[in-house]
Protein chains: 2
Amino acid sequence: MTSTDVARDSGVSRTTVSYVLNDTPGVTISDQTRARVRASAERLGYTPSAAARTLRTGRSDLVLYVLPDWPLGPAVDSLLDHLAGELAERGLSLLVHHQRGGRPLTDLLRVVTPRAVVGFTAFATADRDALRRAGVQVLGTLLDDPGAAGLFTASQRSIGRLQARHLREHGHRVIGYAAATDPRVAHFVELRLEGVRAECAEAGLAAPQVISVDPSLESAVAAVRGWRSADPAATAVAAYNDDVAIAVLAAVRAEGLQAPRDLAVIGVDDGPAAPFTVPPLTTVSQALEVQARHLAGVVVEGLRGGDEEGLPTGDDLIEVVARDSV
Amino acid sequence: MTSTDVARDSGVSRTTVSYVLNDTPGVTISDQTRARVRASAERLGYTPSAAARTLRTGRSDLVLYVLPDWPLGPAVDSLLDHLAGELAERGLSLLVHHQRGGRPLTDLLRVVTPRAVVGFTAFATADRDALRRAGVQVLGTLLDDPGAAGLFTASQRSIGRLQARHLREHGHRVIGYAAATDPRVAHFVELRLEGVRAECAEAGLAAPQVISVDPSLESAVAAVRGWRSADPAATAVAAYNDDVAIAVLAAVRAEGLQAPRDLAVIGVDDGPAAPFTVPPLTTVSQALEVQARHLAGVVVEGLRGGDEEGLPTGDDLIEVVARDSV
DNA sequence: CTGAAAGCGCTTACAG
DNA sequence: CTGAAAGCGCTTACAG
């Protein structure tokens, strides 16, 4: 099923088929011919070969979104959905690549020729350069690595900062930090923790005591004991995310204590379980719908050759959802 | 950066470059020449054009995984990771497409030329046919739609069955069902519910009273009142998933009742919050690691042209994780 | 053992 | 207003 078939079927040349099907501007073709060509294409179920178009034009309508190795949660799905929609309106298709192991990104070029690659996390320098060399546009990253400008999302540091500030505003002077143990997420833990540290330091509080939580009940119980037996004892804990916070909350109950009276807890994500914990979990919400819209704009702007600098960093894209655990 | 550049740089023809870089069997090329070609390719950062290869050979090393519109949870990520790994070992790359709105799948063919498309849910017949016509292999689905054999996963019906059976085995004779309201998930609700109904019918129990839950606390409270005021009153509830179950559990507490004494609750997913609810949630776990391995095998087998029939349906891939809510 | 040549399916100057 | 022809970068019979 090629354009030759359509041409033969509708009694015109392949040139005309191409002009009609691509709505090429600046050519004048009778409405009658156009209709005939479209009808043939439709009837024959013709789809132009992506490989041939890409080879010929040297560019494709494909945008590749590169996702990292670690678990991301449902928020990213809706982000992708939204981005795909925005791109579709501009004739672009979005495909997602789940990065795995250490395999270089350039392996992908053996299989697709994207117009642009958008990274959720930072690219390895070698990958970035190789992609650029192959004529692929490389579009920013989400992480606030030094030197890699955050593309669209709230910075991880500001999430930590916001947690600490909320705790501080509720009178807590000694704050613990519940880190996650999953190594794939270590970088994020570090960035959020930095935010907590910075806020504590600026407010003249002691540095947060960091304890990792599995999350299993045993691990969380050990952590709760750790914070409470420290000197000075922590009265509040900022957790890496809701999952960790939920485990800590369970440990508080298991120890016969009460949140927030004996230990306040704040999470990150505002996941589905957060409103229903005991007590309901105070947490940081990341307004991902808004971020998605923003990301879409940035990507589209970037594709148009615009400047990716000077974009909002998005600190206003996070907020605390106050419930009863603080 | 084309194979011509590599040929010139290493002083051979493009033919030889292709033979060396593809390790084409049956050609004899001196080790010295091979080394020279590889060195050039490496130094020049040469990656063959995916478009040109695909166009010339008529096949690509791309497998497309089509994901549905609705939220899937982290389990699918690990499934994808595993599949990508298995495929990579066979020289195949996996890319994911998040299906959106009603846009036809064939739009994708304007952008990529996959060897095969693997569907998480069933394909629309039109899509399936169009893909096949374009020479793309279409590989099964997960849903147990009539006529669309389940590709790899446990059937949704058996999940519902298993919930009801567990409840029944714990002495419950009147069972309620907590459905989800998200329309994107309606089909799954229906299938799981069918399983519950079937199990109840076979055991001679009344049909389950179905109430939808938001999930918000108000909605869940209304549901709990509904089940308890029914005649006969339900003593146990099978929930569509953990999220719904968690809301129901919160409603039970809000009403001053206790689970499982006043109302037993069983979820589906065994998500991260399940061990930490009050009381800890009994739920159905879907051995997704195992399913992933299985899926990878099926896909690879399918690509090899093998038969996708006669595969395990995977009813042994689910099990209840008994905690304290039943 | 290596190279010249054809051709995959498309788009797009260019000629008529 | 429409068509013949070139050429994108590759692979692969085929000739030497």
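Letters A, B, ... mirror the listed sequences (proteins, then strands); counts begin at 1. Not measured: the values here are computed from a predicted model. These values consider heavy atoms only, across backbone and side chains, with no hydrogens, waters or symmetry-generated copies.
Listed nucleotides: D:dG3, D:dG9, C:dT12. Nearest to the side chain of A:Arg56: C:dT12. Taking the side chain of B:Asn22 as heavy atoms from C-beta on, and the options D:dG3, C:dC10, D:dT11, the nearest nucleotide is D:dT11. For B:Thr15, whose side chain is taken as the heavy atoms from C-beta onward, the closest listed nucleotide among D:dG9, C:dG3, D:dG3 is C:dG3. When distances run from any side-chain atom of B:Leu55 to the nucleotides D:dG9, C:dG3, C:dT11, the shortest one goes to D:dG9. Residue B:Thr16 places its side chain closer to C:dG3 than to any other of C:dG3, D:dG3, D:dC1. The B:Thr57 side chain lies nearest to D:dT12 when the options are D:dG3, D:dT12, C:dG3.
No engagement by B:Val27 is indicated, since no non-hydrogen atom pair under 4.0 Å with the nucleic acid exists. Among the atoms of the strands shown, only primed sugar atoms or phosphate atoms (P, OP1, OP2) are found under 4.0 Å from some heavy atom of A:Ser30. Among the protein residues, B:Thr33 comes within range of the sugar-phosphate backbone only, with heavy atoms under 4.0 Å from sugar or phosphate atoms but none that close to a base. Within 4.0 Å of A:Ser18, counting heavy atoms only, lies at least one base atom of the nucleic acid. Within the nucleic acid shown, B:Thr24 has no heavy atom closer than 4.0 Å to any nucleic acid atom.
Note on B:Ser13: every side-chain N or O is 4.0 Å or more away from OP1 and OP2 of C:dT2. For D:dC10, the OP1/OP2 oxygens have a side-chain nitrogen or oxygen of B:Ser3 closer than 4.0 Å.
Atom CG in A:Asp61 sits roughly 14 Å away from atom C1' in C:dC10 (whole-Å rounding). Between the OH atom of A:Tyr19 and the C1' atom of D:dA4 there is a distance of 12 Å, given to the nearest Å. When rounded to the nearest whole Å, the span between CZ of B:Arg59 and C1' of C:dC8 equals 15 Å. With rounding to whole Å, B:Arg34 atom CZ is found 11 Å from C:dC1 atom C1'. Nucleotide C:dT11 holds its P atom 9 Å from the CZ atom of B:Arg110, rounded to whole Å. In this structure, CZ of B:Arg14 is placed 10 Å from P of C:dA4, rounded to the nearest angstrom. Between B:Arg8 atom CZ and C:dG3 atom C1' there is a gap of 16 Å when expressed in whole angstrom units. Atom pair B:Arg53:CZ and C:dG7:P shows a separation of 22 Å (rounding to whole Å applied).
Remark: the backbone N or O of B:Ile29 is not paired with any side-chain donor or acceptor of B:Thr33 at under 3.5 angstrom. Counting only distance, with no hydrogens or angles, the side chain of A:Arg115 and the backbone of A:Arg59 share no donor-acceptor pair below 3.5 Å. With hydrogens and angles ignored, the 3.5 Å screen pairs no side-chain donor or acceptor of B:Asp61 with any backbone N or O of A:Val111. Remark: side-chain polar atoms of B:Ser18 are not paired, donor with acceptor, to backbone N or O of B:Arg14 under 3.5 angstrom. B:Thr16 places no side-chain N or O within donor-acceptor distance of the main-chain N or O of B:Val12, the cut-off being under 3.5 Å.
At a threshold of 4.0 Å, the pair B:Glu42-B:Arg38 does not count as salt-bridged, since none of the basic side-chain nitrogens sits closer than that to a carboxylate oxygen. Salt-bridge check for B:Arg8 with B:Asp5: passed, with a basic side-chain N closer than 4.0 Å to an acidic carboxylate O. Taking a cutoff of 4.0 Å between a charged side-chain nitrogen and a carboxylate oxygen, B:Arg43 and B:Asp9 qualify as a salt bridge.
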- Note on the structure: Secondary structure of DNA chain D per the Watson-Crick/G-U criterion (both distances under 3.5 Å; [ ] crossing, | other strand, . unpaired) is |||.||||||||.|||

